[in-house]
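Numbers restart at 1 for each chain; the letters A, B, ... are given by sequence-line order, proteins then strands.
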Protein chains: 2
Amino acid sequence: MSDNDCRATLMTIATPLFAQKGFHGVSVRELAKAADMNLSMISYYFGGKEALYTAVLNEQFATLGQVAEIKSLALDPLGKFERYIHSTVERYRKNPYLLRFYTSELTNPTPSFELIVKPAIGRVLLVLHQIFTEGVAAGQFRRELDPMDTILALAGMINFYFLLEPVTKELVNHAPERDEVLVKHLMDIFTRGVAVSIDS
Amino acid sequence: MSDNDCRATLMTIATPLFAQKGFHGVSVRELAKAADMNLSMISYYFGGKEALYTAVLNEQFATLGQVAEIKSLALDPLGKFERYIHSTVERYRKNPYLLRFYTSELTNPTPSFELIVKPAIGRVLLVLHQIFTEGVAAGQFRRELDPMDTILALAGMINFYFLLEPVTKELVNHAPERDEVLVKHLMDIFTRGVAVSIDS
DNA sequence: GTCTATATTGCGATAGAC
DNA sequence: GTCTATCGCAATATAGAC
C-alpha cells in the first residue's frame, strides 16, 4: 500500500470512530484494528494518535470554507441566507460526521479547538453578519434587529435540527428527500421574522 | 464527613470536570484529588466512576422537568413559548454545565443517553409540540407550518446561542444582564415568523 | 514499509489494615 | 469511613528485526 493510501485509509477509518466516541473514547489499538493495520502505523504515518485526530479535524472543517463563497453570489441577502441553509444541509449530508466534531470540540475542546474549530466557525459567522448588514442597508431587514442575535438564531435553527437527530429519529422524517421542505420551512419562518413589514 | 456530604461533594466536584472533559477525559484519580478525597471513596459511595457520572447526569437532567409546568400556565401559546425561552436561559445561568452534558451525550453518547437524556429531551419536545398545536387551534399560528420543524427551530435558536459561547465570547456580550434583551429579540423573530398575518 | 516485542505510564477497582 | 498498597489490565509509543 502506498504512503498516501495508508494515510487516507487511516483517516477514513478514524473519522467515524473519533466522531462517535470522542478523542479519548478511541484507542490506537481500536483504530489500527478497524483499519486492518498494525498499531505502529499510526505513529509512523502521523506521529501519534493526536496528530491523526488533528488531520481528521482539519479535513472536516475545511468543508466550512465554502460558506465564504456565498458572500459574492449574485443573490439578494435573503437569497444568500437561503443558500447558507441549503448548503449547510447539503454539507451535513455529504459529511455525516462534521456536526459531531463541531459540537464535540465546542463541548469538550482539544488543543485543536483554538487552532482549527474556532477560526473556522468565526469565519462563517463573519460571512453571515456581512450578509445581514447588507440586507439592512438594502432596507430588506428590520434595523432594530441585533445582527449577531439574528444570525445566531438562523444558524441555530438548522444546526440544532441535525444535532437533535438522535432524539427526534422517531418523531420526524430525517430522510434527505425532505431536505428541501425543511429548508423552505426554516426560510419561511426566518424571512417573516426578520423582513421589513409590508406596511412600514 | 457524613455519608451525604461526601456524596454531594463528589458530585459537585465531578460535575464541571465531566462537563468540560467528557466521561473518558477524567480519571478517578483526578476526581479524587479535586475533591480532596481518597480515590477509593468513589467506589465506596457510588460503586465506580460510571455510577458517579450517571448520578451527576441524573441531577443535571432533572432540571429539565420544569418545562412541563409551562403547559398549564395561564398564558396564551406565544406567552408559553416566551416562558420556555426565558426559563431555558435561566436554567443555563443557574446550571452552567447542563448544556455541555446535553451536547456531549448527543454527540458521544454513553449508556445513560437512552435512559436519561433521550427521554428528558423528548418530554421537552412534547410540551413544545402541544403548545404549538394549541396555538394553531386558537388561530394564533399559521396552519401551514410543520409543528416539529417549528418547535425545533425555536429550541435551536436559544440552545445554539449558548452552545456557541466559546466561539462568540469576543463577538457578543454574554453577560446575564443582556438575557432579557436576548429573549426579546428571539421572541420578536419567532413571533413574526409563526404568527398569522394581520391581513389574513 | 511493516512487523513483533516491549518499555512505560496510567487506568479503574478492591483487599485488607486501622 | 478512610487509608495504603496493589492487582490486573489497557493506554501510547517506540526500538529493532525483517
Next item on the list: Kindly write out the residues that satisfy salt bridge (charged side-chain N to carboxylate O under 4.0 Å, His left out) with A/Glu30, not counting sequence neighbours, or none if the list is empty.
Entry: A/Lys21
Notebook entry, point to check: Going 5' to 3' along nucleotides 3-14 of chain C, which nucleotides have protein heavy atoms under 4.0 Å from the base (write B), which only from the sugar-phosphate (write S), and which from neither (write -)?
Noted result: BB------BBBB
Notebook entry, point to check: CZ of A/Phe46 versus P of D/dT14: gap in Å, rounded?
Noted result: 16 Å
May I have the list of side-chain donor-acceptor pairs in residues 57-66 of chain A shorter than 3.5 Å, sequence neighbours left out?
| residue | atom | partner | partner atom | Å |
| --- | --- | --- | --- | --- |
| A/Gln60 | OE1 | A/Leu98 | N | 3.3 |
| A/Gln60 | NE2 | A/Asn95 | OD1 | 3.3 |
| A/Thr63 | OG1 | A/Gln60 | O | 2.8 |
| A/Gln66 | OE1 | A/Arg91 | NH1 | 3.0 |

Next item on the list: Could I get the full list of salt bridge (charged side-chain N to carboxylate O under 4.0 Å, His left out) partners for B/Glu177, not counting sequence neighbours?
Entry: none
Could you give the side-chain donor-acceptor pairs of residues 46-53 of chain B under 3.5 Å, partners two or more places apart or in another chain?
| residue | atom | partner | partner atom | Å |
| --- | --- | --- | --- | --- |
| B/Lys49 | NZ | B/Phe23 | O | 3.0 |
| B/Lys49 | NZ | B/Val26 | O | 2.7 |
| B/Tyr53 | OH | B/Glu105 | OE2 | 2.5 |

Checklist line | Contact list for residues 81-118 of chain A, test ring-ring contact (aromatic ring centres under 6.0 Å, His included), sequence neighbours left out | finding: A/Phe81-A/Phe141, A/Phe81-A/Phe190, A/Tyr92-A/Phe162
